[in-house]
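This report concerns only the one structure given below.
Heavy atoms only: backbone and side chains are in, while hydrogens, waters and symmetry mates are out.
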Amino acid sequence: MERVAIKVYNTMTRQKEEFIPQDGRRIGIYVCGVTPYSHTHLGHARPSIVWDVVKKFLRSQGYDTYHVQNFTDVDDKIIARANEAGMSALELAKEFIAEHLACMDALGVERADVYPKVSEHIPEIIALVERLIDNGHAYAADGNVFFDVSSFAEYGKLSNQKRDELLEGTRFDPDPAKRSPEDFALWKKAKPGEPAWDSPWGPGRPGWHIECSAMSHKYLGCEFDFHGGGSDLIFPHHENEIAQSEAATGKTLARYWVHNGMLNLQDAKMSKSLGNIVNVQDLVARYPKELIRYYILSTHYRSELEYYEGKLDEMSRGWKRMNQAVFSLRSLLRDAELREEVSGEDDAVLSRIRQIRGCIVAALADDFNTAQAIGLLFDLVREVNAYSGRSEAPSRIVLEAAHGVFQEYGRTILGIIPDEPEAEESSLVEPLLDLILNIRQDLRAGKNFALADKIRDSLQELGIVVEDTPRGPRWKIEGVSSDADL
RNA sequence: GGCGGCAUAGCCAAGUGGUAAGGCAGAGCUCUGCAAAAGCUCCAUUCCCCAGUUCGAAUCUGGGUGCCGCCUCCA
């Protein structure tokens, strides 16, 4: 199939580059996942939704994707929380992992191919640490192992920092066992009451960054295409990953570094430590997943994104208009008398639809510009609304072309347009409603508007919205589930 | 102190050299028994400020100002 050229902003080079996959077709993606010590918040939803769209877009371009997303389930905060709650650290992590996955499912985020956990990769981590010691890039000290930053000349290349300037504004007291303050822990000596594993350096557990190096090597090899995560991970997490991985293998860890912007709440970054958190669980219960995705994807992934109470309600007005257009299209395609051929005017509209489609592909190929793609979808909304409004008998070909674009990009790739509701119960509901509405039409023809309005109001109370159009009445079911909430 | 990013209408937001997408809100109109939905028109001579490069700059360069992120756990 024909592929468009895809451009990606690479944090490493600080510019957009043409994306060329390592193996031609199969694309390896490693996205840094969460440390499951607390509830999943909206800030976590952003990279998940962004990468969900990226994967689906890449596949629509004929690529295969292999997506790895880790859970850092061994960590100081998890241990602290677990002690407070009187449960084991791994048990606590397991609960929040389950919640996280459930939240992502509820947001329509496709699952990763693998979700490796630190606790299940201790041997791989130990092997990597040993290798770094053998290479002279790490040293053991008092039951700990530290990475020797001075041994890696390229340290700082991702975050563009110079080693001697790194420590000037720093606010922590370095561990006295370190040779140099900027060295970081690969293996931490066990403290009483902490989960620990045996190692050549005594009982302990992995340091923060090493798990991602070990697990990405295992599942994607020592060099792969995309490495992603929030921009707050650039330093030190990703910088340290690069140091460990590249010092160990001599290969370039990732070819493209892709970082999403932060989600802000009242001008401050949403983060667990600040406590200004919007739970995804709560949000998903209140709003349709397609609306949440629409909100997140309306801003380019690298920009900061603001959230405040009521934001989604504001966003919902435009979103509903788009869905209304798709809804009209679907109901038109279902029953109206449509022309099966195309005429002169149809041709013009058809070529406009194709043009918009091409622009959407180009927007997504340009550093995954979902905001622009959504803008183009609105152009299509106006185009198709105008067409079906002015045309006596619209052409099926034209309507299907427009609907196809909404389906492929709005629904499948961006996930901002709900699925067509399953017509399961409609076997009975549909003829019944047709019957009622036919009678109502007779009443309207006989100018018995009082009774006609009563029928409409009563149906409304049942959650069925009736709209009279020049082409007769149409109906939709509202509020049955979040999916159907147009 | 170091590194990085951002500043576009009342609000949200695209746009990296060719004369300001899109959405919301607002105004007017059309359609309409009513309601709903929809369409059309209008709504930034101008992109934080100053200087420069250029035939031409929101876009490039230099200098300001303001905000944000990272340098400590963080998506």
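Applying the 4.0 Å criterion to OP1 and OP2 of B:G15, one finds that A:Asn369 has a side-chain N or O inside that range.
Atom name C1', nucleotides B:A20 and B:U46: the rounded distance is 7 Å, in whole Å. B:U53 and B:U16 have their P atoms separated by 24 Å, given to the nearest Å.
The partner of B:U41 is B:A27, judged by Watson-Crick or G-U wobble contacts that both fall below 3.5 Å. Nucleotide B:C70 forms a Watson-Crick or G-U wobble pair with B:G2, both donor-acceptor distances falling under 3.5 Å. When both pairing distances are held under 3.5 Å, B:U59 makes no Watson-Crick or G-U pair with any nucleotide shown.
The residue A:Ser303 sits close only to the backbone: its heavy atoms come under 4.0 Å of sugar-phosphate atoms, none of a base. Across all strands shown, A:Asn160 has heavy atoms under 4.0 Å from sugar-phosphate atoms exclusively, and none from any base.
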Could you go over nucleotides 33-35 of chain B and give all protein N or O partners under 3.5 Å, atom names and distances?
residue: B:G33; atom: N7; partner: A:Arg444; partner atom: NH2; Å: 3.4
residue: B:G33; atom: O6; partner: A:Arg444; partner atom: NE; Å: 3.0
residue: B:G33; atom: N1; partner: A:Asp453; partner atom: OD1; Å: 3.0
residue: B:G33; atom: N2; partner: A:Asp453; partner atom: OD2; Å: 2.6
residue: B:C34; atom: O2; partner: A:Arg456; partner atom: NH2; Å: 2.6
residue: B:C34; atom: N3; partner: A:Arg456; partner atom: NH1; Å: 3.0
residue: B:C34; atom: N3; partner: A:Arg456; partner atom: NH2; Å: 3.4
residue: B:C34; atom: N4; partner: A:Asp468; partner atom: OD2; Å: 3.1
residue: B:A35; atom: N6; partner: A:Asp468; partner atom: O; Å: 3.0
residue: B:A35; atom: N1; partner: A:Asp468; partner atom: N; Å: 3.0
residue: B:A35; atom: N3; partner: A:Arg456; partner atom: NH1; Å: 3.0

B/S/- contact track for nucleotides 18-30 of chain B, protein heavy atom under 4.0 Å: ---BSSSS-----
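In this structure, the salt bridge (charged side-chain N to carboxylate O under 4.0 Å, His left out) partners of A:Glu110, at least two apart in sequence or on a different chain, are A:Lys55, A:Arg59. In this structure A:Gln441 satisfies the side-chain hydrogen bond (donor to acceptor under 3.5 Å, both in side chains) test together with A:Arg444, sequence neighbours excluded. Every residue meeting the ring-ring contact (aromatic ring centres under 6.0 Å, His included) condition with A:Phe224, not counting sequence neighbours, appears here in chain and number order: A:His227. With sequence neighbours left out, A:Asp366 forms a side chain to side chain contact (heavy atoms under 4.5 Å, CB included) with A:Lys7, A:Lys16. By the side-chain hydrogen bond (donor to acceptor under 3.5 Å, both in side chains) test, A:Ser245 pairs with A:Ser213, A:His217, sequence neighbours left out. Scored by the side chain to side chain contact (heavy atoms under 4.5 Å, CB included) test, A:Glu246 finds A:Phe152, A:Glu154, A:Lys157, A:Ile242, A:Thr252, A:Leu253 as partners (sequence neighbours excluded). Shown here are the salt bridge (charged side-chain N to carboxylate O under 4.0 Å, His left out) partners of A:Glu304, two or more places apart in sequence or in another chain: there are none. Residues forming a ring-ring contact (aromatic ring centres under 6.0 Å, His included) with A:Phe226 (at least two apart in sequence, or on another chain): A:Phe19, A:Trp51, A:Tyr256. Taking the salt bridge (charged side-chain N to carboxylate O under 4.0 Å, His left out) definition, one finds that A:Glu408 meets it with A:Arg357, sequence neighbours left out.
With distances taken from any side-chain atom of A:Glu304 to the nucleotides B:C12, B:A75, B:C68, the minimum falls on B:C68. Closest to the side chain of A:Asn385, from the set B:A75, B:A38, B:C73, is B:A38.
Of the residues in residues 231-244 of chain A, A:Asp232, A:Leu233, A:Phe235 come within less than 4.0 Å of RNA chain B through at least one heavy atom, sorted by number.
The six-membered or imidazole ring of A:Phe71 lies near that of A:His100, with a centre-to-centre distance under 6.0 Å.
Atom NE2 of A:His44 is separated from atom C1' of B:C73 by 11 Å (rounded to the nearest Å).
A salt bridge does not link A:Asp457 with A:Lys454: none of the charged nitrogens is closer than 4.0 Å to a carboxylate oxygen.
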